[in-house]
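The analysis underlying the following values was restricted to heavy atoms, covering all of them including side chains, and did not include hydrogens, waters or symmetry mates. Counting from 1, the numbers follow the sequence of the chain as shown. Start at 1 and go down the list; that is how both ligands and their atoms are numbered.
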Amino acid sequence: MKPTATPVDATLGATITGVDLANLDDAVWAFIEKAFLEHALLIFPDQNLSAKEQVAFSNRFGDIEILRGNSKSVKISNEKRKGATFKPDEFRFKALRGNEGWHLDSTYMPIAAKAGVLSAKVVPSEGGETEIADMRAAYDALSKAKKKRIQGLSAFHSLYASQAKIGHIVESGSGYGYHTKGAPLRPLVKTHPVTGRKALCIGRHIYRIPGMEDDEAVALVDELIEFACQPPRIYTHHWTPGDLIIWDNRCAMHRARPYDFSESRVMQATRIAGEAASELAPTFPDERAGAFEPATTNR
Ligand code: OGA
Ligand code: MN
């Protein structure tokens with residue numbers, strides 16, 4: 001087997017074949033790491049990793065950001081139990097609906113994620129794709145005037161705020177992301193810590209830009225998202241069970257596409273923790289969160 005990277009028809013993303021992610025040697029790992037930095041999204045068909053194998057692969061990239069309990073991998077699933085799916089008034093339903101908005105992972109935490117890994121276990125008959133958008137190419141494609149307008153601007157990120165945008169009002173302590181560590185303030189233009197390329201740091205978690213009215217700030221960010229997430233900067237992954245993808249969360253946004261929620265969709269997710277040197281942001285009180293306990297870690 002010879003590892004091969006075949007770019008997909010977008011400014012980011014490559015399909016990697018000729019590798020067995022459950023049995024990686026250092027040479028193949030070096031190939032994958034290089035491809036990850038170049039393409040920002042890697043697609044590995046037909047890997048069928050167990051949770052343990054996916055965690056081991058993810059650990060090649062760094063520590064795992066633990067999202068629930070003590071488990072290093074989580075099920076992103078609409079199954080309440082076998083044969084029953086969450087209903088519109090349930091918390092998990094609203095959390096999954098939130099994932100349908102373009103976002104970066106954990107920008108609402110003090111330390112944003114480095115990368116996201118997702119693999120498919122059960123997929124619906126239609127819809128339920130995952131889309132990834134290239135924030136490097138999006139930044140590059142902005143007009144000179146727009147680049148100038150956003151240069152130096154920073155934005156507050158909050159999961160309380162992004163869920164509120166879809167009508168989901170959440171109390172602090174309700175789950176991962178609903179903390180009292182405050183809302184991180186992150187520059188709209190991010191320089192990648194390894195490649196040095198500039199990328200837009202935007203997405204649905206943004207609710208405020210210092211110096212602007214909230215409406216104006218959200219309108220500006222929505223306009224940037226709309227512009228950024230257009231061909232040729234987006235890739236749509238149509239899942240087959242066993243596929244695995246990894247995206248570089250420092251320069252690529254993603255979202256889930258809708259599907260019929262009466263059908264099951266079960267994904268296995270691992271989130272790779274950001275390195276504090278590049279992903280830690282200062283935090284400020286988030287009025288929806290109650291008490292404020294600024295933190296320098298996510299735990
Ligand atoms: C995630 C996520 C999208 C999907 O795992 O962070 O946003 O397609 N998933 O399930
Ligand atoms: Mn996500």
Side-chain angles (χ1 to χ4, degrees), residues 12-13 40-44 49 51 54-55 57-58 61-62 64-68 71-79 85-86 92-109 111-135 157-159 161-163 165-166 168 175-178 184 186 201-206 225 228-229 234-261 263-274 279 298:
L12 86 176
L41 162 68
L42 301 179
I43 300 135
F44 297 92
L49 295 193
Q54 184 166 323
V55 168
F57 171 63
S58 302
F61 293 85
I64 306 297
E65 186 181 335
I66 296 181
L67 308 180
R68 220 174 280 154
S71 175
K72 293 193 170 181
S73 73
V74 296
K75 288 255 152 38
I76 306 265
S77 167
N78 69 334
E79 270 189 351
T85 54
F86 289 104
R92 292 286 305 150
F93 182 99
K94 292 170 188 163
L96 290 170
R97 279 274 124 97
N99 275 350
E100 293 172 10
W102 286 109
H103 64 282
L104 295 160
D105 282 339
S106 300
T107 54
Y108 48 78
M109 301 302 287
I111 300 176
K114 174 178 185 176
V117 181
L118 211 51
S119 64
K121 296 293 177 194
V122 180
V123 300
S125 55
E126 233 185 299
E129 300 88 352
T130 301
E131 290 189 322
I132 319 288
D134 187 348
M135 294 302 104
H157 294 241
S158 161
L159 184 57
S162 48
Q163 285 303 102
K165 288 179 194 171
I166 61 162
H168 186 206
Y176 193 76
Y178 302 107
R186 302 181 179 281
C201 175
I202 51 177
R204 71 185 197 97
H205 301 309
I206 291 177
I225 294 171
C229 300
I234 54 174
Y235 166 76
T236 303
H237 191 66
H238 300 269
W239 291 101
T240 300
D243 293 352
L244 180 146
I245 69 171
I246 177 166
W247 63 86
D248 187 337
N249 196 61
R250 300 166 298 187
C251 60
M253 286 211 291
H254 62 282
R255 67 171 176 180
R257 300 301 288 150
Y259 57 98
D260 178 350
F261 259 51
E263 290 186 38
S264 293
R265 180 180 190 262
V266 182
M267 312 296 284
Q268 178 167 282
T270 42
R271 197 172 284 182
I272 295 150
E279 308 315 311
N298 288 353

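When each atom of ligand 1 is checked for a heavy atom of Thr130 under 4.0 Å away, the hits are 4 (C), 8 (O). Using a 4.0 Å cut-off to heavy atoms of Ile76, the atoms of ligand 1 that qualify are 5 (O). Below 4.0 Å from some heavy atom of Arg271 lie the following atoms of ligand 1, by number and element: 6 (O).
In this structure, His254 and Trp247 have tilted ring planes: the angle between them lies in the 30° to 60° band.
When only modelled atom types and interatomic distance are considered, Glu79 and Ser264 share a side-chain donor-acceptor pair under 3.5 Å. Checking Arg186 against Thr107 by side-chain atom types alone, no donor-acceptor pair falls below 3.5 Å.
Shortest contact from atom 1 (C) of ligand 1 to any protein heavy atom: His254 NE2, 3.8 Å. For atom 3 (C) of ligand 1, the closest heavy atom belonging to the protein is Ala256 CB, 3.8 Å. Scanning the protein for heavy atoms near atom 9 (N) of ligand 1, the closest one is Leu118 CD2, 3.7 Å.
Taking the N/O/S atoms of Asp105 in turn, the shortest distance to the Mn ion (ligand 2) belongs to OD1. Counting just the N/O/S atoms of His254, the one with the shortest distance to the Mn ion (ligand 2) is named NE2.
In this structure, Arg265 has a heavy atom closer than 4.0 Å to ligand 1. Put simply, part of His103 is less than 4.0 Å from ligand 1, judged by heavy atoms.
Side-chain contact between Leu159 and Arg204 is present, with heavy atoms from C-beta onward closer than 4.5 Å. Between Ile245 and Trp239 there is a side-chain heavy-atom pair separated by less than 4.5 Å.
Between Asp105 and ligand 1, at least one N/O pair is under 3.5 Å apart. Residue Trp239 has no N or O atom closer than 3.5 Å to an N or O atom of ligand 1.
With respect to Arg257 and Glu131, a salt bridge is recorded, a charged nitrogen being found less than 4.0 Å from a carboxylate O.
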Item checked: Candidate pair Tyr259 and Phe261, rule ring-ring contact (aromatic ring centres under 6.0 Å, His included), full reasoning -> CA-CA 6 Å; Tyr259 57 98; Phe261 259 51; 4.7 Å; yes

Next item on the list: Give the C-alpha distance, both sets of side-chain angles, the deciding distance and a yes or no for side chain to side chain contact (heavy atoms under 4.5 Å, CB included) between Asp243 and Ile43.
Entry: CA-CA 7 Å; Asp243 293 352; Ile43 300 135; 5.8 Å; no

